[in-house]
Amino acid sequence: MNSMSLTTLERGKTTVDVAALEALSAQLRGTVLREGDAAYDEARSIWNAMIDRRPGLIVRCAGAADVIAAVNFARENRLLVAVRGGGHSIAGSAVCDGGLMIDLSPMKSVRVDPATRRAWVEPGATLADVDAETQAFGLAVPTGINSTTGISGLTLGGGFGWITRKFGLTIDNLLCADVVTADGKLLRASQTENPDLFWALRGGGGNFGIVTAFEFKLHQVGPQVLSGLVVHPFADAENVLREYRAALEAAPNELTCWVVMRQAPPLPFLPAEWHGKEVLVLAMCYCGDLQEGEKATQRLRAIGTPIADVVGPKPFTGWQQGFDPLLTPGARNYWKSHDFTELSDSAVEVVTAAIPRLPGPECEIFIGHVGGAAGRVTADATAFPQRSAHYVMNVHARWREPEMDQACIDWARGLYEAAKPYAAGTAYVNFMPGDEVDRVEAAYGGNYRRLLEIKQRYDPLNLFRMNQNLRPVETQRAA
């Protein structure tokens, strides 16, 4: 084999000769994979089974030096670049067709200093990796709700989960980051070093470079939290949601309660006659004193006549993994989402009307309650602007058979359109599928123009464009 064709950054194809590939391999501690190599298919497989792309080349990085070498190689050979952390993006931006995939998943180190309550995390770590190390010292950083998610993509998009109301978004707990920029330089981004880049990284996604290390501040959490599910018949959904909304008005920041509406999976604590039937689930977590948690959750647990209440003390690491069985890799997934400043009666009616039309047993609607500490940050303090959105709705279509694609996608899009009149207009970029390029400006609102300026400064050729892309001004003019 004398040469290899790969998709370029801007034009058709280019040829990279064997000598260039051998020179790249010689620089790396990691490995280079091509189609036909034993580990190639595993490396290109990601969480969303709808995405089936075949990179021309995969560089599995062992450290920052490998990332620098891969970025330089891509830039010099004008290759399309995808960056994989945990591979959990709904849009599938971790993998490209024909280009260079920079795989960070081997970089999983997590180092904790319990005295200073700091953690240094590499970009291939999952949320489970982070929790395992931090909880060994009774500490935590706010992250998401599926432990197989990668810390990198979650953080760069904002990051919210069970302890966000108490301690803020993931980005609110980011102290600094090491970043490989498009010119192959390794920069430190913090409040005092390259502060414009640090601002943009906190919510702006992977548009500005590849983070090779994160430093987070940690908080005392657990090791046990009061958490669990309260399951209601879906017939009571509208009343439960109205009482849920009222109960949250006085909820302390230690308490987070989210809603899931779907067909009941065969959970062991549910009577068999409810398996497969439509239910509304209140999923709650109190991250403070357990006795105070019993008081704080009392009003929510007193709503209606539930089928089951399994709220109780649980290890925080276990609760963080509680939804993993419903979110395993290998299924086809399509999401649509809205932010809401309030959960109005009209919004409740629209959302509940979609559940009797569920196209499959794994499809669901999720409503997350945020606010609290995350809402006390000004909209322009970080790139993440939607600080006044107290609720986030994710319409999660999930199925197995390709022939169900259209029905499931149409269901998600239909609910999205019906709920639009009652929504805030912003969006959480981590929940946006790959076909929502027209929503990027609205997602960033008043921060969009500043983000474009920073993109122009750090990535003027748009090397990092496999994401919810912020196109630099010069490439917009050339289009």
Side chain proximity check, Leu104 to Ile102, heavy atoms < 4.5 angstrom | yes
Go through the side-chain N and O atoms of Asp459 and Asn207 and say whether any donor and acceptor fall under 3.5 Å apart.
-> no
Without swapping roles, check the side chain of Asp178 against the backbone of Ala213 for a donor-acceptor pair under 3.5 Å.
-> no
Candidate list Phe316, Phe167, Trp319, test ring-ring contact (aromatic ring centres under 6.0 Å, His included), partner Trp162, passing option = Trp319
Could you tell me whether the side chain of Asn48 and the main chain of Ile90 form a donor-acceptor pair under 3.5 Å?
-> yes
Tyr448 side-chain N/O to Leu470 backbone N/O, donor-acceptor pair under 3.5 Å = no
Taking side-chain contact (heavy atoms from CB on, under 4.5 Å) as the test, write out the residues that go with Arg242, two or more places apart.
-> Glu238, Arg245, Asp345, Glu349
Could you tabulate the donor-acceptor pairs under 3.5 Å formed by side-chain atoms of residues 366-378, not counting sequence neighbours?
{"from": "Thr378", "atom 1": "OG1", "to": "Asp380", "atom 2": "OD1", "distance (Å)": "3.1"}

For Gln298, which residues count as a side-chain contact (heavy atoms from CB on, under 4.5 Å) partner, sequence neighbours excluded?
-> none
Measure the acute angle between the ring planes of Phe216 and Phe214, then classify it against the limits of 30° and 60° as parallel, tilted or perpendicular.
-> parallel
Just wondering, do Gln320 and Ile145 contact through their side chains at under 4.5 Å, heavy atoms?
-> no
If we only count heavy atoms from C-beta on, is the Cys408 to Cys363 side-chain gap below 4.5 Å?
-> yes
Show the atom names and distances, to 0.1 Å, of all donor-acceptor pairs under 3.5 Å that link a side chain in residues 306-314 to residues at least two apart or in another chain.
{"from": "Asp309", "atom 1": "OD1", "to": "Arg301", "atom 2": "NH2", "distance (Å)": "3.4"}
{"from": "Asp309", "atom 1": "OD1", "to": "Val311", "atom 2": "N", "distance (Å)": "3.0"}
{"from": "Asp309", "atom 1": "OD2", "to": "Arg301", "atom 2": "NE", "distance (Å)": "3.1"}
{"from": "Lys314", "atom 1": "NZ", "to": "Ser227", "atom 2": "O", "distance (Å)": "2.6"}
{"from": "Lys314", "atom 1": "NZ", "to": "Val310", "atom 2": "O", "distance (Å)": "2.9"}

Taking the side chain as C-beta and beyond, is there a heavy-atom pair between Glu215 and Arg118 under 4.5 Å?
-> yes
So the salt bridge (Lys or Arg N to Asp or Glu O under 4.0 Å) pairs with at least one residue in residues 386-399 (sequence neighbours excluded) are Asp172-Arg387, Glu362-Arg398
If you look at every heavy atom in Val350 and Ala419, which pair is closest and at what distance?
-> CG1-N, 3.8 Å
Within the side chain of Gln386, is there an N or O that forms a donor-acceptor pair under 3.5 Å with the backbone of Ala379?
-> no
Name all residues meeting the side-chain hydrogen bond (donor to acceptor under 3.5 Å, both in side chains) criterion together with Asp435; count only those two or more places apart in sequence or in a different chain, and write none if there are none.
-> Tyr334, Arg413
Please collect all salt bridge (Lys or Arg N to Asp or Glu O under 4.0 Å) contacts where either partner lies in residues 119-131, sequence neighbours excluded, each pair once.
-> none
Check the pair Leu451, Lys455 against side chain to side chain contact (heavy atoms under 4.5 Å, CB included), reporting the backbone distance first and the verdict last.
-> CA-CA 6 Å; Leu451 282 165; Lys455 175 73 170 182; over 6 Å; no
Going by the salt bridge (Lys or Arg N to Asp or Glu O under 4.0 Å) test, which pairs reach into residues 414-426, not counting sequence neighbours?
-> Glu417-Lys420
Would you find a donor on one side and an acceptor on the other, under 3.5 Å apart, between the side chain of Thr134 and the backbone of Leu139?
-> yes
Under the ring-ring contact (aromatic ring centres under 6.0 Å, His included) rule, collect the residues that match up with Trp47, sequence neighbours excluded.
-> His88, Trp335
Which side-chain N or O atoms in residues 217-225 pair as donor and acceptor under 3.5 Å with protein atoms at least two apart or in another chain?
{"from": "His219", "atom 1": "NE2", "to": "Asn173", "atom 2": "OD1", "distance (Å)": "2.6"}
{"from": "Gln220", "atom 1": "OE1", "to": "Arg117", "atom 2": "NH2", "distance (Å)": "3.4"}

Should the pair Arg450 and Trp199 be classed as cation-pi, given the thresholds of under 6.0 Å to the six-membered ring centre and 45° from the axis?
-> yes
Are Gln321 and Thr148 linked by a side-chain donor-acceptor pair shorter than 3.5 Å?
-> no
Would you check if the side chain of Arg202 reaches a backbone N or O of Leu174 as a donor-acceptor pair within less than 3.5 Å?
-> no
Should Thr164 and Thr256 be marked as a side chain to side chain contact (heavy atoms under 4.5 Å, CB included) after you check the CA-CA gap, both sets of side-chain angles, and the distance that decides it?
-> CA-CA 8 Å; Thr164 289; Thr256 295; over 6 Å; no
Using atom types as modelled, flag every donor-acceptor pair under 3.5 Å from a side chain in residues 436-444 to any protein atom, sequence neighbours excluded.
{"from": "Glu436", "atom 1": "OE1", "to": "Arg439", "atom 2": "NH1", "distance (Å)": "3.3"}
{"from": "Glu436", "atom 1": "OE2", "to": "Lys336", "atom 2": "NZ", "distance (Å)": "2.5"}
{"from": "Arg439", "atom 1": "NE", "to": "Tyr416", "atom 2": "OH", "distance (Å)": "3.2"}
{"from": "Arg439", "atom 1": "NH1", "to": "Ser337", "atom 2": "O", "distance (Å)": "3.1"}
{"from": "Arg439", "atom 1": "NH2", "to": "Ser337", "atom 2": "O", "distance (Å)": "3.3"}
{"from": "Arg439", "atom 1": "NH2", "to": "Thr426", "atom 2": "O", "distance (Å)": "3.4"}
{"from": "Tyr444", "atom 1": "OH", "to": "Gly203", "atom 2": "O", "distance (Å)": "2.8"}

Listing, residues 264-286 side-chain donor-acceptor contacts under 3.5 Å, not counting sequence neighbours, or none:
{"from": "His275", "atom 1": "NE2", "to": "Leu267", "atom 2": "O", "distance (Å)": "3.4"}
{"from": "His275", "atom 1": "NE2", "to": "Leu270", "atom 2": "O", "distance (Å)": "3.2"}
{"from": "Lys277", "atom 1": "NZ", "to": "Glu273", "atom 2": "O", "distance (Å)": "3.4"}

Any donor-acceptor pair under 3.5 Å from Arg262 side chain to Pro361 backbone | yes
